[in-house]
Amino acid sequence: DGNRMTGEKTGNIDFSRLNTSNIERIEVLNGGASTSYGSGAIGGVINIITKYNESPYLLRAGSKMYSENHDQNNWLSIGYSNKYFDSQTNYTKKSSDGYKVNGDVIQNMYNDFSLNQIVRFNINSKLKMYVSGTFYEHDTEDYNYNNKRRDKYYDKQFVLNLDYGNLENLLVKFKYNIDNYDKFTLFEALNDDERIRSSHNLNLYNFNVYKTLNKNNLYFGFENYSESFYSPTDLSYNPFAGYLGLDSLKSTTISSLFFQNEINLFDRTQIVGGIRYDASSAFGNHLGPHLSILYKNKNFNFRLNSSKNFKAPTLKELYMSWDHLGMFYVNGNENLKPEISKYLSGSIEFYKSKYNLTIKSYIHLLDNMIASVEDFEFDQMVYKNFKSVSIQGIDLYFKTFIHNNLVFNSTLSLINPRDISQKRQLDGTNKISINSNLIFNLFEGSQNININYKFLSETYNFVEKIPEYHVVNFSYNWNINNFIKISSGIDNLVNTASLENRSTIYPDTRYFINLSIDINSANKRRTK
(Lines give C-alpha, C1' and ligand atoms only; values in the text may rest on other atoms or scores of the structure.)
Protein backbone atom coordinates (compact mmCIF):
# COMPACT_ATOMS: atom_id res chain seq x y z
CA ASP A 1 0.00 0.00 0.00
CA GLY A 2 2.83 2.37 -0.86
CA ASN A 3 4.74 1.70 2.40
CA ARG A 4 8.33 0.56 2.30
CA MET A 5 9.16 -2.78 4.01
CA THR A 6 12.31 -3.92 5.76
CA GLY A 7 13.47 -7.31 7.07
CA GLU A 8 14.75 -10.16 4.97
CA LYS A 9 15.30 -13.91 4.78
CA THR A 10 18.06 -15.33 2.56
CA GLY A 11 18.60 -11.94 0.98
CA ASN A 12 14.96 -11.23 0.05
CA ILE A 13 12.16 -9.29 1.74
CA ASP A 14 10.21 -11.58 4.09
CA PHE A 15 6.91 -11.68 2.21
CA SER A 16 5.54 -14.29 4.64
CA ARG A 17 4.24 -11.30 6.56
CA LEU A 18 1.62 -10.81 3.83
CA ASN A 19 -1.64 -12.68 3.38
CA THR A 20 -1.79 -13.41 -0.36
CA SER A 21 -5.57 -13.94 -0.22
CA ASN A 22 -5.94 -10.31 0.89
CA ILE A 23 -4.17 -8.84 -2.15
CA GLU A 24 -6.37 -6.78 -4.47
CA ARG A 25 -3.73 -6.33 -7.16
CA ILE A 26 0.02 -5.92 -7.67
CA GLU A 27 1.34 -2.87 -9.50
CA VAL A 28 4.74 -3.24 -11.19
CA LEU A 29 6.54 -0.11 -12.29
CA ASN A 30 9.59 -0.92 -14.42
CA GLY A 31 12.64 1.28 -14.66
CA GLY A 32 13.83 4.10 -12.46
CA ALA A 33 11.20 5.43 -10.07
CA SER A 34 13.28 7.34 -7.55
CA THR A 35 11.48 10.66 -7.94
CA SER A 36 8.19 9.27 -6.65
CA TYR A 37 9.28 6.32 -4.53
CA GLY A 38 12.64 7.26 -3.05
CA SER A 39 16.33 6.67 -3.48
CA GLY A 40 17.12 3.08 -4.35
CA ALA A 41 14.20 2.47 -6.73
CA ILE A 42 16.56 2.20 -9.69
CA GLY A 43 15.14 -1.02 -11.13
CA GLY A 44 11.48 -0.31 -10.48
CA VAL A 45 8.84 -0.64 -7.77
CA ILE A 46 6.51 -3.47 -6.78
CA ASN A 47 3.49 -2.05 -4.93
CA ILE A 48 1.25 -4.67 -3.31
CA ILE A 49 -2.27 -3.24 -2.95
CA THR A 50 -4.37 -4.98 -0.29
CA LYS A 51 -8.14 -5.33 -0.21
CA TYR A 52 -10.00 -2.84 1.92
CA ASN A 53 -13.60 -2.65 3.02
CA GLU A 54 -16.03 0.28 2.73
CA SER A 55 -19.17 -1.72 3.47
CA PRO A 56 -20.85 -1.30 6.87
CA TYR A 57 -19.71 -4.78 7.87
CA LEU A 58 -17.07 -7.19 6.60
CA LEU A 59 -16.29 -10.83 7.24
CA ARG A 60 -13.62 -12.47 5.15
CA ALA A 61 -12.21 -15.89 6.12
CA GLY A 62 -10.54 -18.83 4.47
CA SER A 63 -8.26 -21.81 4.65
CA LYS A 64 -5.86 -23.33 2.13
CA MET A 65 -4.38 -26.80 2.65
CA TYR A 66 -1.86 -28.87 0.68
CA SER A 67 -1.53 -32.61 0.31
CA GLU A 68 2.14 -32.67 1.36
CA ASN A 69 3.90 -31.76 4.60
CA HIS A 70 0.80 -30.34 6.26
CA ASP A 71 1.27 -26.98 4.54
CA GLN A 72 -1.61 -24.77 5.61
CA ASN A 73 -2.71 -21.13 5.45
CA ASN A 74 -5.66 -19.70 7.43
CA TRP A 75 -6.88 -16.11 7.48
CA LEU A 76 -9.61 -13.93 8.94
CA SER A 77 -10.58 -10.30 8.28
CA ILE A 78 -13.33 -8.37 10.04
CA GLY A 79 -14.31 -4.78 9.38
CA TYR A 80 -16.75 -2.00 10.14
CA SER A 81 -17.39 1.26 8.33
CA ASN A 82 -19.54 4.34 8.80
CA LYS A 83 -19.52 8.00 7.80
CA TYR A 84 -16.77 8.99 10.22
CA PHE A 85 -14.34 6.07 10.32
CA ASP A 86 -13.70 2.56 9.07
CA SER A 87 -11.73 -0.25 10.66
CA GLN A 88 -10.30 -3.54 9.46
CA THR A 89 -8.54 -6.29 11.43
CA ASN A 90 -6.55 -8.94 9.53
CA TYR A 91 -5.17 -12.17 11.02
CA THR A 92 -3.11 -14.76 9.14
CA LYS A 93 -1.57 -18.06 10.32
CA LYS A 94 0.71 -20.27 8.21
CA SER A 95 2.50 -23.54 8.98
CA SER A 96 4.46 -26.32 7.29
CA ASP A 97 6.35 -29.48 8.23
CA GLY A 98 8.97 -28.55 5.62
CA TYR A 99 10.64 -30.86 3.16
CA LYS A 100 14.03 -32.32 2.23
CA VAL A 101 15.88 -33.04 -1.00
CA ASN A 102 18.56 -35.75 -0.87
CA GLY A 103 18.57 -35.53 2.91
CA ASP A 104 19.13 -31.76 3.01
CA VAL A 105 16.44 -29.51 4.45
CA ILE A 106 15.21 -27.18 1.68
CA GLN A 107 12.14 -25.80 3.45
CA ASN A 108 12.29 -25.74 7.25
CA MET A 109 9.38 -26.60 9.50
CA TYR A 110 7.74 -23.33 10.50
CA ASN A 111 4.79 -21.65 12.15
CA ASP A 112 4.04 -17.98 11.72
CA PHE A 113 1.25 -15.52 12.20
CA SER A 114 0.56 -11.88 11.37
CA LEU A 115 -1.90 -9.47 13.00
CA ASN A 116 -2.71 -6.18 11.30
CA GLN A 117 -5.05 -3.39 12.42
CA ILE A 118 -6.06 -0.50 10.13
CA VAL A 119 -8.24 2.46 11.09
CA ARG A 120 -9.20 5.40 8.85
CA PHE A 121 -10.77 8.56 10.26
CA ASN A 122 -12.74 11.11 8.24
CA ILE A 123 -12.21 13.96 10.69
CA ASN A 124 -13.93 16.51 8.45
CA SER A 125 -14.43 17.20 4.74
CA LYS A 126 -10.74 18.06 4.30
CA LEU A 127 -8.81 16.15 6.96
CA LYS A 128 -8.37 12.37 6.86
CA MET A 129 -6.13 10.12 8.95
CA TYR A 130 -4.90 6.57 8.31
CA VAL A 131 -3.30 4.47 11.07
CA SER A 132 -1.92 0.94 10.58
CA GLY A 133 -0.11 -1.38 13.00
CA THR A 134 1.29 -4.83 12.21
CA PHE A 135 2.86 -7.54 14.37
CA TYR A 136 4.45 -10.62 12.77
CA GLU A 137 6.14 -13.68 14.28
CA HIS A 138 7.97 -16.42 12.37
CA ASP A 139 9.07 -19.55 14.29
CA THR A 140 11.15 -22.10 12.36
CA GLU A 141 13.08 -25.26 13.24
CA ASP A 142 16.14 -26.48 11.35
CA TYR A 143 17.37 -30.08 11.55
CA ASN A 144 20.44 -29.61 9.36
CA TYR A 145 22.60 -29.10 12.45
CA ASN A 146 23.69 -31.28 15.36
CA ASN A 147 22.05 -29.03 17.92
CA LYS A 148 18.37 -28.66 17.12
CA ARG A 149 18.17 -24.98 16.19
CA ARG A 150 15.19 -22.68 16.17
CA ASP A 151 15.00 -19.25 14.58
CA LYS A 152 12.40 -16.71 15.63
CA TYR A 153 11.80 -13.54 13.65
CA TYR A 154 9.63 -10.64 14.78
CA ASP A 155 8.44 -7.63 12.83
CA LYS A 156 6.61 -4.56 14.16
CA GLN A 157 5.46 -1.86 11.75
CA PHE A 158 3.52 1.35 12.37
CA VAL A 159 2.25 3.69 9.64
CA LEU A 160 0.54 7.06 10.03
CA ASN A 161 -0.86 9.04 7.08
CA LEU A 162 -2.49 12.47 7.24
CA ASP A 163 -4.24 14.04 4.22
CA TYR A 164 -5.54 17.61 4.19
CA GLY A 165 -7.36 19.23 1.27
CA ASN A 166 -8.24 17.73 -2.12
CA LEU A 167 -6.69 17.22 -5.56
CA GLU A 168 -8.90 19.87 -7.19
CA ASN A 169 -7.28 22.63 -5.14
CA LEU A 170 -4.42 21.88 -2.75
CA LEU A 171 -3.67 18.50 -1.14
CA VAL A 172 -1.10 18.14 1.64
CA LYS A 173 0.03 14.63 2.62
CA PHE A 174 2.21 13.52 5.55
CA LYS A 175 3.44 9.95 6.04
CA TYR A 176 5.37 8.37 8.91
CA ASN A 177 6.55 4.75 8.63
CA ILE A 178 8.60 2.83 11.20
CA ASP A 179 9.47 -0.83 10.68
CA ASN A 180 11.54 -2.98 13.09
CA TYR A 181 12.60 -6.53 12.10
CA ASP A 182 14.45 -8.64 14.72
CA LYS A 183 16.03 -12.09 14.37
CA PHE A 184 16.64 -14.45 17.29
CA THR A 185 18.19 -17.93 17.57
CA LEU A 186 18.02 -20.57 20.27
CA PHE A 187 19.37 -24.14 20.60
CA GLU A 188 16.81 -26.41 22.23
CA ALA A 189 19.45 -29.02 23.06
CA LEU A 190 21.24 -26.42 25.20
CA ASN A 191 17.97 -25.28 26.79
CA ASP A 192 18.74 -21.79 25.51
CA ASP A 193 16.77 -18.60 25.76
CA GLU A 194 16.27 -16.50 22.67
CA ARG A 195 19.52 -14.77 21.66
CA ILE A 196 19.36 -11.84 19.29
CA ARG A 197 21.11 -12.22 15.92
CA SER A 198 20.23 -8.89 14.37
CA SER A 199 17.91 -5.91 14.57
CA HIS A 200 17.03 -3.99 11.41
CA ASN A 201 15.19 -0.66 11.71
CA LEU A 202 13.64 1.61 9.11
CA ASN A 203 12.38 5.08 9.94
CA LEU A 204 10.83 7.24 7.22
CA TYR A 205 8.79 10.40 7.12
CA ASN A 206 7.52 12.08 4.00
CA PHE A 207 5.80 15.43 3.34
CA ASN A 208 4.10 16.04 -0.04
CA VAL A 209 2.08 18.86 -1.59
CA TYR A 210 -0.15 18.40 -4.67
CA LYS A 211 -1.56 21.35 -6.61
CA THR A 212 -3.65 21.49 -9.80
CA LEU A 213 -3.00 24.57 -11.89
CA ASN A 214 -4.76 24.82 -15.28
CA LYS A 215 -3.55 21.70 -17.11
CA ASN A 216 -0.62 21.16 -14.75
CA ASN A 217 -0.59 18.80 -11.77
CA LEU A 218 2.28 19.92 -9.53
CA TYR A 219 3.81 17.67 -6.91
CA PHE A 220 6.71 18.46 -4.58
CA GLY A 221 7.92 17.37 -1.18
CA PHE A 222 10.56 16.32 1.31
CA GLU A 223 11.59 12.88 2.61
CA ASN A 224 13.92 11.65 5.34
CA TYR A 225 14.92 7.99 5.32
CA SER A 226 17.07 6.53 8.08
CA GLU A 227 18.12 2.92 8.56
CA SER A 228 20.07 1.10 11.26
CA PHE A 229 21.37 -2.45 11.63
CA TYR A 230 22.55 -3.97 14.92
CA SER A 231 24.30 -7.33 15.30
CA PRO A 232 25.99 -8.74 18.43
CA THR A 233 29.09 -10.93 18.75
CA ASP A 234 28.62 -14.08 20.80
CA LEU A 235 30.26 -16.72 18.64
CA SER A 236 31.32 -18.80 21.65
CA TYR A 237 27.83 -20.28 21.89
CA ASN A 238 26.07 -19.16 18.74
CA PRO A 239 27.80 -19.39 15.35
CA PHE A 240 24.79 -17.66 13.81
CA ALA A 241 25.38 -14.38 15.63
CA GLY A 242 27.84 -11.73 14.57
CA TYR A 243 26.50 -10.67 11.17
CA LEU A 244 28.85 -7.71 11.37
CA GLY A 245 31.71 -9.58 13.06
CA LEU A 246 31.45 -7.73 16.37
CA ASP A 247 29.01 -5.92 18.60
CA SER A 248 28.13 -3.03 16.39
CA LEU A 249 25.40 -0.66 15.31
CA LYS A 250 25.59 0.78 11.80
CA SER A 251 23.28 3.44 10.44
CA THR A 252 22.70 5.66 7.44
CA THR A 253 20.43 8.57 6.53
CA ILE A 254 19.24 10.00 3.21
CA SER A 255 17.35 13.31 3.05
CA SER A 256 15.62 14.17 -0.21
CA LEU A 257 13.82 16.98 -2.02
CA PHE A 258 11.71 16.19 -5.09
CA PHE A 259 9.54 17.98 -7.63
CA GLN A 260 7.28 16.68 -10.40
CA ASN A 261 5.01 18.32 -12.97
CA GLU A 262 2.35 16.51 -14.96
CA ILE A 263 1.19 18.40 -18.05
CA ASN A 264 -1.88 17.34 -20.06
CA LEU A 265 -1.85 18.59 -23.67
CA PHE A 266 -4.66 18.39 -26.25
CA ASP A 267 -6.42 15.54 -24.37
CA ARG A 268 -4.05 13.03 -26.00
CA THR A 269 -0.60 13.86 -24.70
CA GLN A 270 0.67 13.74 -21.15
CA ILE A 271 4.18 14.82 -20.17
CA VAL A 272 5.60 14.11 -16.72
CA GLY A 273 8.92 15.60 -15.68
CA GLY A 274 10.54 15.41 -12.29
CA ILE A 275 13.78 15.77 -10.38
CA ARG A 276 15.03 14.43 -7.05
CA TYR A 277 17.91 15.68 -4.91
CA ASP A 278 19.36 13.17 -2.42
CA ALA A 279 21.77 14.03 0.40
CA SER A 280 23.31 10.81 1.76
CA SER A 281 25.15 10.81 5.09
CA ALA A 282 27.67 8.33 3.66
CA PHE A 283 27.80 9.04 -0.09
CA GLY A 284 27.25 12.75 -0.60
CA ASN A 285 24.75 14.48 -2.88
CA HIS A 286 23.06 13.17 -6.02
CA LEU A 287 20.62 14.64 -8.55
CA GLY A 288 18.19 12.37 -10.41
CA PRO A 289 15.91 13.63 -13.22
CA HIS A 290 13.20 11.72 -15.06
CA LEU A 291 10.93 12.36 -18.03
CA SER A 292 7.98 10.39 -19.40
CA ILE A 293 5.68 11.05 -22.36
CA LEU A 294 2.34 9.36 -23.04
CA TYR A 295 0.50 9.78 -26.35
CA LYS A 296 -3.00 8.29 -26.75
CA ASN A 297 -4.69 7.46 -30.02
CA LYS A 298 -7.87 5.60 -30.84
CA ASN A 299 -6.45 2.09 -30.59
CA PHE A 300 -2.98 2.50 -29.16
CA ASN A 301 -0.86 4.26 -26.53
CA PHE A 302 2.77 5.21 -26.94
CA ARG A 303 5.02 5.72 -23.90
CA LEU A 304 8.58 6.97 -23.56
CA ASN A 305 10.46 6.95 -20.23
CA SER A 306 13.92 8.19 -19.33
CA SER A 307 15.56 8.56 -15.92
CA LYS A 308 18.80 8.74 -13.98
CA ASN A 309 18.84 7.30 -10.47
CA PHE A 310 21.10 6.65 -7.49
CA LYS A 311 21.24 3.75 -5.00
CA ALA A 312 23.49 3.67 -1.94
CA PRO A 313 24.98 0.35 -0.78
CA THR A 314 22.99 -1.34 1.99
CA LEU A 315 24.42 -1.67 5.49
CA LYS A 316 24.98 -5.41 4.99
CA GLU A 317 26.75 -4.83 1.68
CA LEU A 318 29.08 -2.41 3.43
CA TYR A 319 29.75 -4.02 6.79
CA MET A 320 28.76 -7.69 6.85
CA SER A 321 31.38 -10.06 8.32
CA TRP A 322 29.82 -13.44 8.97
CA ASP A 323 31.12 -16.98 9.43
CA HIS A 324 28.65 -19.30 7.67
CA LEU A 325 28.92 -22.43 9.88
CA GLY A 326 32.68 -22.59 9.37
CA MET A 327 32.19 -23.39 5.66
CA PHE A 328 32.83 -19.93 4.23
CA TYR A 329 32.63 -16.26 5.13
CA VAL A 330 30.29 -13.57 3.82
CA ASN A 331 32.02 -10.19 3.87
CA GLY A 332 30.90 -6.68 3.06
CA ASN A 333 33.07 -4.05 1.46
CA GLU A 334 33.39 -0.59 3.03
CA ASN A 335 34.92 0.70 -0.21
CA LEU A 336 31.77 0.11 -2.24
CA LYS A 337 30.56 2.96 -4.43
CA PRO A 338 26.88 3.81 -4.95
CA GLU A 339 25.12 2.48 -8.04
CA ILE A 340 24.27 4.97 -10.77
CA SER A 341 21.45 4.00 -13.12
CA LYS A 342 20.53 5.37 -16.56
CA TYR A 343 17.29 4.02 -17.98
CA LEU A 344 15.47 4.48 -21.30
CA SER A 345 12.36 2.65 -22.48
CA GLY A 346 9.69 2.92 -25.14
CA SER A 347 6.44 0.97 -25.42
CA ILE A 348 3.40 0.66 -27.69
CA GLU A 349 0.05 -0.68 -26.44
CA PHE A 350 -2.50 -1.91 -28.99
CA TYR A 351 -6.01 -2.70 -27.84
CA LYS A 352 -9.02 -4.04 -29.68
CA SER A 353 -12.25 -5.59 -28.45
CA LYS A 354 -10.79 -9.11 -28.71
CA TYR A 355 -7.13 -8.60 -27.83
CA ASN A 356 -4.51 -6.42 -26.14
CA LEU A 357 -0.84 -6.32 -27.11
CA THR A 358 1.99 -4.40 -25.42
CA ILE A 359 5.55 -4.28 -26.77
CA LYS A 360 8.19 -2.64 -24.64
CA SER A 361 11.88 -2.17 -25.36
CA TYR A 362 14.39 -0.84 -22.85
CA ILE A 363 18.05 -0.34 -22.06
CA HIS A 364 19.38 -0.05 -18.53
CA LEU A 365 22.97 1.07 -17.95
CA LEU A 366 24.42 0.57 -14.47
CA ASP A 367 27.70 1.96 -13.21
CA ASN A 368 29.16 0.30 -10.09
CA MET A 369 26.41 -2.34 -9.84
CA ILE A 370 26.69 -4.15 -6.49
CA ALA A 371 26.58 -7.95 -6.26
CA SER A 372 28.06 -10.73 -4.13
CA VAL A 373 30.69 -12.91 -5.82
CA GLU A 374 32.57 -16.00 -4.74
CA ASP A 375 36.23 -15.55 -3.86
CA PHE A 376 37.72 -19.04 -4.13
CA GLU A 377 41.20 -18.00 -2.97
CA PHE A 378 39.93 -16.91 0.45
CA ASP A 379 36.85 -19.17 0.57
CA GLN A 380 34.39 -16.33 0.95
CA MET A 381 31.48 -14.47 -0.61
CA VAL A 382 32.26 -10.78 -0.93
CA TYR A 383 30.33 -7.76 -2.19
CA LYS A 384 31.92 -5.84 -5.04
CA ASN A 385 31.14 -3.23 -7.66
CA PHE A 386 30.78 -4.25 -11.29
CA LYS A 387 32.24 -1.28 -13.13
CA SER A 388 29.76 -1.26 -15.99
CA VAL A 389 26.66 -3.37 -16.70
CA SER A 390 24.25 -3.17 -19.64
CA ILE A 391 20.78 -4.72 -19.53
CA GLN A 392 18.84 -4.61 -22.79
CA GLY A 393 15.44 -6.22 -23.12
CA ILE A 394 12.09 -6.59 -24.84
CA ASP A 395 8.87 -7.45 -23.00
CA LEU A 396 5.74 -8.60 -24.82
CA TYR A 397 2.35 -8.94 -23.17
CA PHE A 398 -0.55 -10.45 -25.11
CA LYS A 399 -4.14 -11.10 -24.07
CA THR A 400 -6.90 -12.40 -26.31
CA PHE A 401 -10.48 -13.58 -25.96
CA ILE A 402 -10.34 -16.68 -28.15
CA HIS A 403 -14.01 -17.31 -27.50
CA ASN A 404 -16.61 -15.86 -25.15
CA ASN A 405 -15.56 -18.39 -22.54
CA LEU A 406 -11.88 -18.83 -23.37
CA VAL A 407 -9.14 -16.33 -22.48
CA PHE A 408 -5.40 -16.57 -23.10
CA ASN A 409 -2.70 -14.22 -21.86
CA SER A 410 1.08 -14.48 -21.97
CA THR A 411 4.14 -12.46 -21.01
CA LEU A 412 7.44 -13.02 -22.83
CA SER A 413 10.65 -11.37 -21.63
CA LEU A 414 13.83 -11.36 -23.71
CA ILE A 415 16.86 -9.92 -21.97
CA ASN A 416 20.56 -9.45 -22.69
CA PRO A 417 22.35 -8.70 -19.39
CA ARG A 418 26.06 -8.02 -19.95
CA ASP A 419 28.98 -7.41 -17.64
CA ILE A 420 30.73 -5.02 -20.02
CA SER A 421 34.08 -5.01 -18.19
CA GLN A 422 34.26 -8.84 -18.25
CA LYS A 423 32.67 -9.12 -21.72
CA ARG A 424 30.26 -11.88 -20.69
CA GLN A 425 26.71 -12.47 -19.48
CA LEU A 426 25.98 -11.25 -15.96
CA ASP A 427 26.05 -14.01 -13.33
CA GLY A 428 22.68 -15.25 -12.02
CA THR A 429 20.67 -14.04 -15.02
CA ASN A 430 18.39 -15.65 -17.63
CA LYS A 431 17.81 -14.52 -21.21
CA ILE A 432 14.25 -15.82 -21.71
CA SER A 433 11.23 -16.16 -19.43
CA ILE A 434 7.60 -16.96 -20.28
CA ASN A 435 4.49 -16.89 -18.11
CA SER A 436 1.18 -17.89 -19.73
CA ASN A 437 -2.39 -18.55 -18.56
CA LEU A 438 -5.26 -20.30 -20.34
CA ILE A 439 -8.62 -19.72 -18.64
CA PHE A 440 -11.81 -21.67 -19.46
CA ASN A 441 -14.94 -19.95 -18.09
CA LEU A 442 -17.84 -22.29 -17.37
CA PHE A 443 -21.49 -21.87 -16.40
CA GLU A 444 -21.69 -18.14 -17.16
CA GLY A 445 -18.44 -17.44 -15.35
CA SER A 446 -19.35 -19.00 -12.00
CA GLN A 447 -16.60 -21.60 -12.55
CA ASN A 448 -13.30 -21.62 -14.40
CA ILE A 449 -10.31 -23.79 -15.14
CA ASN A 450 -6.89 -22.12 -15.10
CA ILE A 451 -3.78 -23.68 -16.65
CA ASN A 452 -0.54 -21.81 -15.93
CA TYR A 453 2.72 -22.39 -17.80
CA LYS A 454 6.14 -21.01 -16.83
CA PHE A 455 9.47 -21.29 -18.60
CA LEU A 456 12.88 -20.06 -17.49
CA SER A 457 15.91 -20.38 -19.74
CA GLU A 458 19.36 -21.38 -18.57
CA THR A 459 20.66 -19.43 -15.57
CA TYR A 460 24.17 -18.26 -16.31
CA ASN A 461 26.95 -18.59 -13.76
CA PHE A 462 30.62 -18.42 -14.63
CA VAL A 463 31.40 -21.57 -12.61
CA GLU A 464 28.27 -23.69 -13.19
CA LYS A 465 25.14 -23.03 -15.25
CA ILE A 466 21.65 -24.05 -14.13
CA PRO A 467 19.63 -25.72 -16.92
CA GLU A 468 16.35 -24.35 -18.27
CA TYR A 469 13.08 -25.69 -16.88
CA HIS A 470 9.31 -25.73 -17.44
CA VAL A 471 6.52 -25.68 -14.83
CA VAL A 472 2.79 -26.33 -15.34
CA ASN A 473 0.19 -25.63 -12.63
CA PHE A 474 -3.55 -26.35 -12.73
CA SER A 475 -6.49 -24.97 -10.74
CA TYR A 476 -10.29 -25.22 -10.72
CA ASN A 477 -12.27 -22.32 -9.20
CA TRP A 478 -15.95 -22.33 -8.29
CA ASN A 479 -17.93 -19.32 -7.04
CA ILE A 480 -20.75 -21.17 -5.28
CA ASN A 481 -22.56 -17.89 -4.62
CA ASN A 482 -21.70 -14.24 -3.97
CA PHE A 483 -19.97 -15.14 -0.72
CA ILE A 484 -18.40 -18.61 -0.94
CA LYS A 485 -15.61 -19.72 -3.27
CA ILE A 486 -13.82 -23.08 -3.55
CA SER A 487 -10.56 -23.59 -5.40
CA SER A 488 -8.58 -26.77 -5.91
CA GLY A 489 -5.63 -27.67 -8.05
CA ILE A 490 -2.23 -29.19 -8.64
CA ASP A 491 1.09 -27.42 -8.14
CA ASN A 492 3.95 -28.72 -10.29
CA LEU A 493 1.80 -30.93 -12.47
CA VAL A 494 4.90 -30.68 -14.67
CA ASN A 495 8.27 -29.50 -13.35
CA THR A 496 11.43 -30.28 -15.32
CA ALA A 497 13.86 -28.53 -12.95
CA SER A 498 16.36 -30.86 -11.32
CA LEU A 499 15.89 -31.55 -7.61
CA GLU A 500 19.14 -29.74 -6.76
CA ASN A 501 17.83 -26.53 -8.34
CA ARG A 502 14.38 -26.40 -6.75
CA SER A 503 15.31 -24.57 -3.57
CA THR A 504 12.64 -21.95 -4.27
CA ILE A 505 10.15 -24.21 -6.07
CA TYR A 506 8.28 -27.00 -4.30
CA PRO A 507 10.01 -30.15 -5.62
CA ASP A 508 7.08 -32.57 -5.98
CA THR A 509 3.58 -32.60 -7.41
CA ARG A 510 1.12 -31.66 -4.70
CA TYR A 511 -2.60 -30.95 -4.47
CA PHE A 512 -4.38 -28.11 -2.71
CA ILE A 513 -7.87 -27.06 -1.75
CA ASN A 514 -8.92 -23.56 -0.76
CA LEU A 515 -12.20 -22.46 0.83
CA SER A 516 -12.95 -18.75 1.26
CA ILE A 517 -15.89 -16.73 2.55
CA ASP A 518 -16.21 -13.07 1.60
CA ILE A 519 -19.36 -11.39 2.88
CA ASN A 520 -20.09 -8.06 1.16
CA SER A 521 -17.58 -9.02 -1.52
CA ALA A 522 -20.00 -7.62 -4.16
CA ASN A 523 -19.75 -4.13 -2.72
CA LYS A 524 -17.21 -1.74 -4.15
CA ARG A 525 -13.75 -1.53 -2.66
CA ARG A 526 -11.56 1.47 -2.18
CA THR A 527 -9.75 2.59 -5.31
CA LYS A 528 -6.11 3.37 -4.66
Side-chain angles (χ1 to χ4, degrees), residues 1-5 19 22-25 27 35-38 45 47-60 76-91 115-135 156-179 202-226 255-264 270 272 274 518-528:
D1 295 330
N3 300 306
R4 199 176 300 191
M5 299 171 65
N19 174 14
N22 197 44
I23 293 175
E24 181 77 27
R25 67 186 187 277
E27 297 177 346
T35 303
S36 301
Y37 287 92
V45 171
N47 191 15
I48 301 169
I49 305 297
T50 59
K51 296 177 182 178
Y52 200 80
N53 170 61
E54 285 187 330
S55 303
Y57 299 97
L58 166 73
L59 173 62
R60 186 181 295 131
L76 172 68
S77 294
I78 55 175
Y80 172 78
S81 178
N82 63 29
K83 180 180 178 181
Y84 303 102
F85 81 95
D86 46 71
S87 170
Q88 184 166 321
T89 305
N90 303 302
Y91 174 79
L115 180 64
N116 168 249
Q117 176 64 51
I118 301 172
V119 183
R120 299 174 189 261
F121 297 94
N122 298 313
I123 299 173
N124 56 43
S125 61
K126 290 187 176 182
L127 182 60
K128 296 177 173 56
M129 182 169 68
Y130 166 99
V131 180
S132 171
T134 303
F135 176 79
K156 298 177 285 293
Q157 185 176 33
F158 173 79
V159 176
L160 169 67
N161 289 347
L162 291 171
D163 292 0
Y164 181 80
N166 54 66
L167 285 173
E168 287 73 23
N169 296 297
L170 182 70
L171 176 63
V172 179
K173 299 172 74 72
F174 172 80
K175 174 184 289 187
Y176 177 67
N177 177 10
I178 183 169
D179 195 357
L202 173 154
N203 199 315
L204 181 147
Y205 61 87
N206 184 295
F207 179 81
N208 298 324
V209 177
Y210 300 81
K211 173 67 176 175
T212 299
L213 189 64
N214 297 324
K215 293 187 176 182
N216 293 264
N217 296 319
L218 303 174
Y219 161 61
F220 60 92
F222 169 80
E223 180 179 277
N224 183 270
Y225 174 82
S226 61
S255 298
S256 307
L257 293 170
F258 45 88
F259 171 80
Q260 181 172 292
N261 186 15
E262 178 184 303
I263 306 171
N264 296 292
Q270 181 187 81
V272 179
D518 193 349
I519 297 176
N520 289 325
S521 62
N523 292 339
K524 70 174 184 178
R525 295 188 173 93
R526 186 181 304 273
T527 301
K528 302 182 182 179

Any chance you could measure [X], atom [atom1], to [Y], atom [atom2], to the nearest 0.5 Å?
X: S226; Y: L202; atom1: OG; atom2: CG; value: 7.5 Å
X: L257; Y: F207; atom1: CG; atom2: CZ; value: 12.0 Å
X: I263; Y: N216; atom1: CD1; atom2: CG; value: 5.0 Å
X: K51; Y: I23; atom1: NZ; atom2: CD1; value: 9.5 Å
X: R25; Y: I48; atom1: CZ; atom2: CD1; value: 12.5 Å
X: L218; Y: N261; atom1: CG; atom2: CG; value: 5.0 Å

Going by heavy atoms in the side chains, are [X] and [Y] under 4.5 Å from each other?
X: R120; Y: K128; result: no
X: N217; Y: N264; result: yes
X: K175; Y: N3; result: yes
X: I78; Y: Y57; result: no
X: L160; Y: F158; result: yes
X: Y84; Y: N122; result: no

If I compare all heavy atoms of [X] with all of [Y], which pair ends up nearest, and what's the gap?
X: F222; Y: S255; answer: CE1-CB, 4.3 Å
X: N169; Y: K211; answer: O-CD, 3.1 Å
X: N124; Y: K126; answer: OD1-N, 2.8 Å
X: R4; Y: N177; answer: O-ND2, 3.1 Å

task: May I ask you to check whether Y219 and Y210 place their ring centers less than 6.0 Å from one another?
output: yes
Side-chain donor-acceptor contact under 3.5 Å, [X] with [Y]:
X: N90; Y: Q88; value: yes
X: S132; Y: Q157; value: no
X: N161; Y: D163; value: no

Stepwise side-chain contact (heavy atoms from CB on, under 4.5 Å) check, F258 with F220: CA-CA 6 Å; F258 45 88; F220 60 92; 5.7 Å; no
- prompt: Is N47 reaching over with its side chain to a backbone N or O of G2, donor-acceptor style, under 3.5 angstrom?
  reply: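 Yes, because the side chain of N47 sits within donor-acceptor range (under 3.5 Å) of the backbone of G2.
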task: Using modelled atom types only, decide if a donor and an acceptor are shared between the side chain of N82 and the backbone of P56 within a distance under 3.5 Å.
output: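 Side chain of N82 to backbone of P56, a donor-acceptor pair under 3.5 Å: no, none is there.
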task: Kindly write out the residues that satisfy ring-ring contact (aromatic ring centres under 6.0 Å, His included) with F135, not counting sequence neighbours, or none if the list is empty.
output: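 Applying ring-ring contact (aromatic ring centres under 6.0 Å, His included) to F135 gives F113.
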message: Checking E27 against I49 for the side-chain contact (heavy atoms from CB on, under 4.5 Å) test, could you report, in this order, the C-alpha distance in whole Å, the side-chain angles of both residues, the deciding distance, and whether it holds?
response: CA-CA 7 Å; E27 297 177 346; I49 305 297; 4.2 Å; yes
task: Could you walk me through whether N206 and N208 pass side-chain hydrogen bond (donor to acceptor under 3.5 Å, both in side chains), step by step?
output: CA-CA 7 Å; N206 184 295; N208 298 324; 2.8 Å; yes
field: Criterion side-chain contact (heavy atoms from CB on, under 4.5 Å) against L58, the qualifying member of D518, I519, T89
entry: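 The option that passes is D518.
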message: Using side-chain contact (heavy atoms from CB on, under 4.5 Å), reason through E223 and L204 one step at a time and then give a plain yes or no.
response: CA-CA 7 Å; E223 180 179 277; L204 181 147; 4.1 Å; yes
task: Decide if atom OH of Y80 counts as having more than 12 heavy atoms of other residues, nucleotides or ligands within a radius under 6.0 Å.
output: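 Result for OH/Y80: enclosed.
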